[in-house]
Amino acid sequence: MTIFQKILDRQIPARSVAEDEHCLAFHDVNPQAPVHVLVIPKVAVRSLAEATDAGMLGQVMLMAARVARELGIEDSGYRVVLNTNGNAGQTVFHLHAHVLGGRVMTWPPG
Ligand code: AMP
């Protein structure tokens with residue numbers, strides 16, 4: 001079981017930001033920006049590479065936009081990232097979107 005499944009099951013705590021029937025959003029424990037929130041679907045899918053449900057992906061994206069709006073980074077700008085497998089640095093194999101904002105982002109990412 002992944003650590004994100006344990007958060008969904010309330011076995012370990014998380015600093016929740018938003019929740020609906022599809023997704024949970026919570027603060028990243030090791031933030032890389034002033035705002036760094038993770039949005040996870042309630043269904044267990046290992047990564048974007050294994051996702052087949054467009055509706056679920058849409059719900060994750062809509063929740064990411066909602067979080068950005070509610071945390072005040074919509075106008076200043078933000079980045080939504082889905083690290084997928086090894087070279088991208090994915091470490092938790094429950095699909096998740098990083099919502100990063102509150103500072104200027106560089107491009108391309110390192
Ligand atoms: P990734 O490297 O894309 O798989 O991202 C995993 C993210 O999960 C990292 O940014 C971690 O800091 C974060 N993380 C790991 N454990 C926890 C936790 N218990 N609560 C919140 N964030 C976590």
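As the structure lists them, so they are numbered: ligands from 1, and atoms in each ligand from 1. Everything numeric here is computed off the predicted structure, so don't read it as measured data.
Using a 4.0 angstrom heavy-atom cutoff, Phe26 counts as in contact with ligand 1. Using a 4.0 Å heavy-atom cutoff, His96 is listed among the residues neighbouring ligand 1. Heavy-atom distances between Gln32 and ligand 1 stay at or above 4.0 Å for every pair. By the 4.0 Å heavy-atom criterion, His98 is counted among the residues contacting ligand 1.
Near Gly89, with a cut-off below 4.0 Å to any heavy atom, the atoms of ligand 1 are 1 (P), 2 (O). Atoms of ligand 1 found under 4.0 Å from any heavy atom of His27, numbered from 1 in the order shown, are 21 (C). Atom numbering of ligand 1 starts at 1 in the shown order; those under 4.0 Å from a heavy atom of Asn30 are 12 (O). Atoms of ligand 1 found under 4.0 Å from any heavy atom of Leu38, numbered from 1 in the order shown, are 8 (O), 13 (C), 22 (N).
Residue His27 holds its NE2 atom at 10.5 Å from CG of Leu38, rounded to the nearest 0.5 Å. Taking CG of Leu100 as the reference point, atom CZ of Arg79 lies at 8.0 Å (rounded to 0.5 Å).
Among protein heavy atoms, the minimum distance from atom 4 (O) of ligand 1 is reached at Thr91 N, 2.7 Å. The shortest contact between atom 19 (N) of ligand 1 and any protein heavy atom is with Ile3 CD1, 3.8 Å. Closest protein heavy atom to atom 17 (C) of ligand 1: Val29 CG1, 3.7 Å. The single protein non-hydrogen atom nearest to atom 12 (O) of ligand 1 is Asp28 OD1, 2.5 Å, given as residue, atom name and distance. When hydrogens are left out, the protein atom nearest atom 8 (O) of ligand 1 is Phe4 CZ, 3.4 Å; that is the closest non-hydrogen contact.
Met1 is listed as a side-chain neighbour of Lys6, based on a closest heavy-atom distance under 4.5 Å.
Residues His98 and His96 bring their aromatic ring centres within 6.0 Å.
Cluster membership check: Val81 does not share its hydrophobic cluster with Phe26, using side-chain heavy-atom separations under 4.5 Å among Ile, Leu, Val, Met, Phe, Trp and Tyr.
Distance alone, capped at 3.5 Å, places no donor-acceptor pair between the Gln5 side chain and the Ile7 backbone. At distances below 3.5 Å, not a single donor-acceptor pair connects side-chain atoms of Glu74 with backbone N or O atoms of Arg69.
When the shell of 6.0 Å around CG of Asp9 is examined, it contains more than 12 heavy atoms from other residues, nucleotides or ligands.
Under the 4.0 Å criterion applied to side-chain N and carboxylate O atoms, Arg10 and Glu19 are assigned as salt-bridge partners.
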